[in-house]
Amino acid sequence: MPADNIAELSPHRADMAADEADGIPPAPRPGPDAQLSSQAHQIPPIIPFSLPQAAPSRRASQMAMSAVAMAALAACGGGGGGGSAPSAAAPAPGPDSILVNVNAADLPGSGGAKPSAPAVADRPPAADAARFLTQASFGTKSVQEIAQVQEKGYALWLWEQFNTGTTLHTSYLDQQKTRNVDDKGVARASEEMSYEAIWQQWLYGADQLRARMAFALSEIVVISNVAPDIRPYAMSSYMDMLNRNAFGNYRQLLKEVTLHPAMGYYLNMINSERDDPDTGAHPNENYAREVLQLFSIGLVKLNTDGTAQVDAAGKPLPSYDESVVQGFAKAFTGWSYPNATGFDEADEEVPQAWTSPMKPFAAKHSPEPKKLLSGMVLSGGQSPEQDLEAAIDNIFNHPNVGPFIGRQLIQRLVTSNPSKAYISYVAGVFNNNGAGVRGDLRAVVSAILLYAEARAVPGANFGKQREPVIRLANFLRSLDARSSSGRNAIHYLENADNGLGQSPLLAPSVFNYFSPNFRPAGKIAAAGLTAPEFQITTETTVVGGLNFFANLFNNASYGYEEAELKLNYTRLESLASSPDALIAELNALYFNYAMSSTLQTRMKTMLTALPANDRTRRVKAALILTSLSPEYVIQK
């Protein structure tokens, strides 16, 4: 990151802080492998869709809060400010009206023969269809959506997603920047608008799988505005790039990431130049180091199943050394802003500086030979374009990429501890999609979601923590949260005290919010398991998350003024007179039909203790209990 980054508030954040001080409601801110049965190992990796009904999980809820306390929290508002909004949200203009769609035919990974829906006898059971939606979207919207997945089957659902257009986040900025006009009459996009564009797609976009993949990729090829100093068009253009390539080829994605000015700015490739003894300039190694360590191959050589290759002494073999980093740093020299009129001359304040690939300047490119991976040496005297293409090819074709990237995508979508067989299968699909193509992300995500381990009844070590922002998206989607303007005001959620400890495009560093190898101390670490999301799970974030969701449900809204998202409790309130009916609905929407009998009993006790005619209070209490339940927080 540039050396002059500062951590002071942007004008927008400062304005919000001032509003809070004045009492104006602000926008809330921010190892051992999982075991498969011997029978599972014997079935084909991509299994038929006529699965047996998944047995409900019997993992007892570890809730510390009693039913009485839960009821009291629902009654008093959990510390939330302001009165409760109407339980049924007012009709709002369609959010899609402010976004520009890109046709699927213009996106990589679309097309293909349309599969047939399965016969009735071959449809997936409701429990697994619900789990599938949990893994492949930002949460189930309704029981009807689960039934639609059952009727379509997974292959047809996936085909429809691959052939669904996406939205341009930059077009959201184009249309919303008129909200922010300076004293000279110039409309300027703000960082908050970039975050809003993400949530617009997550909450209302039909391209749910693309959005999940783009978010997963954003946690691997990370940029962050935590400083904050990345321009809004840089962030939104970067998200457009991830959406565009979500089902495309990883090589193209890696090239576009490398040449994107947001990444060039964040990791210092932009204006990185050849050695110059007169000025003391040297190639910047920041991007070269991270593209190897984090975006492609990792630090050690891997087997196809993701395990480390070791030497005779049992020590992992490094995948590269410092001389290779230096070689890549030289290969990546000579690039500047796309609107640059000279290597160091560009107007960074206009959108054109951030929405196209970086521009090469041959005179600033290192002319000498460059050592890359696997003993490859680039010839000297090549152009910036030639060296970059060769460098991307060299990285992309390294055998580590399939297991390194495949494992992380499995972790983001399905489970923290995929088996060796699972990783090996996904890496194999990355290496060859069946038609001789390497890096096909459409084939990779299909393999991840349809592999036997993803679709089988979850085992003891299977699953992952739902990321906090995905939990919020799940609740907002299932409760049809809408505002009168059709937009949202979800901006800063990264604060651990009163937020969620996580917010898109605001990770603390290029290492994301958590490491894919994180092992929390205790039983998980002792078992050799990983639990990445627990790196941002602390006593503070647990309490902060409880308060956050209690406020959300008690206020029945999120945001402010015309961007206030109002939760629609109508469906749940219609069931609330019967605790069993309400629990059954919540079981489908949030627990994939696997709520334990223990939790059902506790929830029923709590609901029965509340007046039957106070349906709204029952709904709020049930939602708060759901949000903090380990059975919901842990995705199985």
Glu160/Lys114 salt bridge by N-O under 4.0 Å criterion = no
Under 3.5 Å donor-acceptor, Glu290 side chain and Val510 backbone = no
task = Indicate yes or no: at least one non-hydrogen side-chain atom of Glu191 is less than 4.5 angstrom from one of Ile230.
result = no
task = Walk me through it: do His169 and Ser194 pass the test side chain to side chain contact (heavy atoms under 4.5 Å, CB included)?
result = CA-CA 7 Å; His169 291 211; Ser194 289; over 6 Å; no
request  = Find out whether Val437 and Asn432 are in side-chain contact, i.e. whether some heavy atom of one side chain is under 4.5 Å from a heavy atom of the other.
outcome  = no
task = Check whether the ring centres of Phe332 and Tyr287 lie less than 6.0 Å apart, and answer yes or no.
result = yes
task = Could you check whether the rings of Phe138 and Trp202 sit parallel, tilted or perpendicular, using 30° and 60° as the cut-offs?
result = parallel
inquiry  = Please check this pair: side chain of Ser110 against backbone of Ala104, looking for a donor-acceptor N/O pair closer than 3.5 Å.
reply    = yes
Spacing of CD1 belonging to Ile146 relative to OG1 belonging to Thr140, to within rounding of 0.5 Å = 4.5 Å
task = Give the C-alpha distance, both sets of side-chain angles, the deciding distance and a yes or no for salt bridge (Lys or Arg N to Asp or Glu O under 4.0 Å) between Glu145 and Lys141.
result = CA-CA 6 Å; Glu145 186 181 34; Lys141 286 178 64 70; over 6 Å; no
key: Expected output: side-chain Arg477 to main-chain Gly139 donor-acceptor under 3.5 Å   = yes
query = Quick one: does Ser296's side chain have a donor or acceptor within less than 3.5 Å of a partner on Val291's backbone?
reply = yes
query = Would you say the side-chain atoms of Ser503 pair up with the backbone N or O of Leu493, donor to acceptor, closer than 3.5 Å?
reply = yes
query = In this structure, are over 12 heavy atoms from other groups packed under 6.0 Å from Lys301 atom NZ?
reply = no
message = For Trp354 and Tyr238, I'd like to know if the aromatic rings sit close, meaning centre-to-centre distance below 6.0 Å.
response = no
message = Working note: Arg251 + Glu389, criterion salt bridge (Lys or Arg N to Asp or Glu O under 4.0 Å); need CA distance, chi angles, decisive distance, verdict.
response = CA-CA 10 Å; Arg251 188 209 180 276; Glu389 291 287 352; 2.6 Å; yes
ask   = Where the side chain of Thr134 meets the backbone of Ala130, is there a donor-acceptor pair that is under 3.5 Å apart?
value = yes
note = Smallest heavy-atom separation, Ala234 atom then Ala262 atom, equals O-CB, 3.6 Å
Shortest non-hydrogen separation from Ser218 to Met239 and the atoms involved = CB-SD, 4.5 Å
Gly109 backbone acceptor or donor facing Arg442 side chain under 3.5 Å = yes
Main-chain N/O of Asn268 paired to Asn286 side chain as donor or acceptor, under 3.5 Å = no
message = Between Gln386 and Ser383 (side chain of the first, backbone of the second, donor and acceptor by atom type, cut-off under 3.5 Å), is there such a pair?
response = yes
request  = Would you sort out whether Ile490 and Leu476 count as a side chain to side chain contact (heavy atoms under 4.5 Å, CB included), showing the intermediate values?
outcome  = CA-CA 11 Å; Ile490 308 176; Leu476 294 179; 3.7 Å; yes
ask   = Can you list the steps and then say if Tyr250 with Asp440 is a side chain to side chain contact (heavy atoms under 4.5 Å, CB included)?
value = CA-CA 7 Å; Tyr250 198 75; Asp440 179 353; over 6 Å; no
request  = May I have the step-by-step check of side-chain hydrogen bond (donor to acceptor under 3.5 Å, both in side chains) for Ser419 and Glu453, ending in yes or no?
outcome  = CA-CA 8 Å; Ser419 69; Glu453 195 167 327; 2.5 Å; yes
task = State the CG-CD distance between Asn512 and Gln502, to the nearest 0.5 angstrom.
result = 7.5 Å
message = Taking the side chain as everything from C-beta on, heavy atoms only, tell me whether Val102 gets closer than 4.5 Å to Leu168.
response = yes
ask   = Is there a side-chain contact between Leu294 and Ile220, using heavy atoms and a 4.5 Å cut-off?
value = no
note = So CG of Leu413 and CZ of Phe215: to nearest 0.5 Å the spacing works out to 11.0 Å
task = For Pro338 and Gln352, work out which heavy atoms get closest and say how close.
result = CG-O, 3.4 Å
key: Straight-line distance of Phe396 CZ to Gln252 CD, nearest 0.5 Å   = 10.5 Å
CA sep, side-chain torsions, deciding dist, call: Gln535, Ser515, side-chain hydrogen bond (donor to acceptor under 3.5 Å, both in side chains) = CA-CA 8 Å; Gln535 193 166 357; Ser515 164; 4.9 Å; no
key: Approximate separation, where rounding is to 0.5 Å, of Asn474 CG and Arg466 CZ   = 6.0 Å
query = What are the two closest heavy atoms between Phe430 and Val444, and how far apart are they?
reply = CA-CG2, 3.8 Å
Heavy-atom closest contact (Leu450 atom, Tyr154 atom, distance) = CD2-CB, 3.7 Å
key: Derivation and outcome, salt bridge (Lys or Arg N to Asp or Glu O under 4.0 Å), residues Glu467 and Arg412   = CA-CA 9 Å; Glu467 295 179 52; Arg412 299 282 59 77; 3.2 Å; yes
request  = Flag the pair Tyr195 / His491 as yes when their ring centroid distance falls below 6.0 Å, and as no otherwise.
outcome  = no
ask   = So, the side chain of Lys364 versus the backbone of Phe343: is there a donor-acceptor pair under 3.5 Å, distance only?
value = no
key: side-chain hydrogen bond (donor to acceptor under 3.5 Å, both in side chains) partner of Lys464, the single match among Gln635, Gln135, Glu533   = Glu533
query = Would Arg210 and Asn243 satisfy side-chain hydrogen bond (donor to acceptor under 3.5 Å, both in side chains), going step by step from the backbone distance to the final call?
reply = CA-CA 6 Å; Arg210 186 182 300 277; Asn243 273 307; 5.4 Å; no
key: Arg455 side chain reached by Asp128 side chain, heavy atoms, under 4.5 Å   = yes
task = Kindly determine whether Arg244 and Asp106 satisfy side chain to side chain contact (heavy atoms under 4.5 Å, CB included), including the steps that lead there.
result = CA-CA 9 Å; Arg244 181 171 62 251; Asp106 297 324; over 6 Å; no
request  = Measure the shortest side-chain to side-chain distance between Arg231 and Pro351 over non-hydrogen atoms and say whether it is less than 4.5 angstrom.
outcome  = no
query = Does the side chain of Ser416 reach to within under 4.5 Å of the side chain of Leu529, using non-hydrogen atoms?
reply = no
request  = Working to the nearest 0.5 Å, report the span between OG of Ser272 and CH2 of Trp335.
outcome  = 12.5 Å
ask   = Between Val324, Asn400, Val300, which is the residue that forms a side-chain contact (heavy atoms from CB on, under 4.5 Å) with Ser319?
value = Asn400
key: Minimum heavy-atom distance between Ala390 and Leu378, given as atom pair plus value   = CB-CD2, 3.4 Å
query = If we only count heavy atoms from C-beta on, is the Ser323 to Lys371 side-chain gap below 4.5 Å?
reply = yes
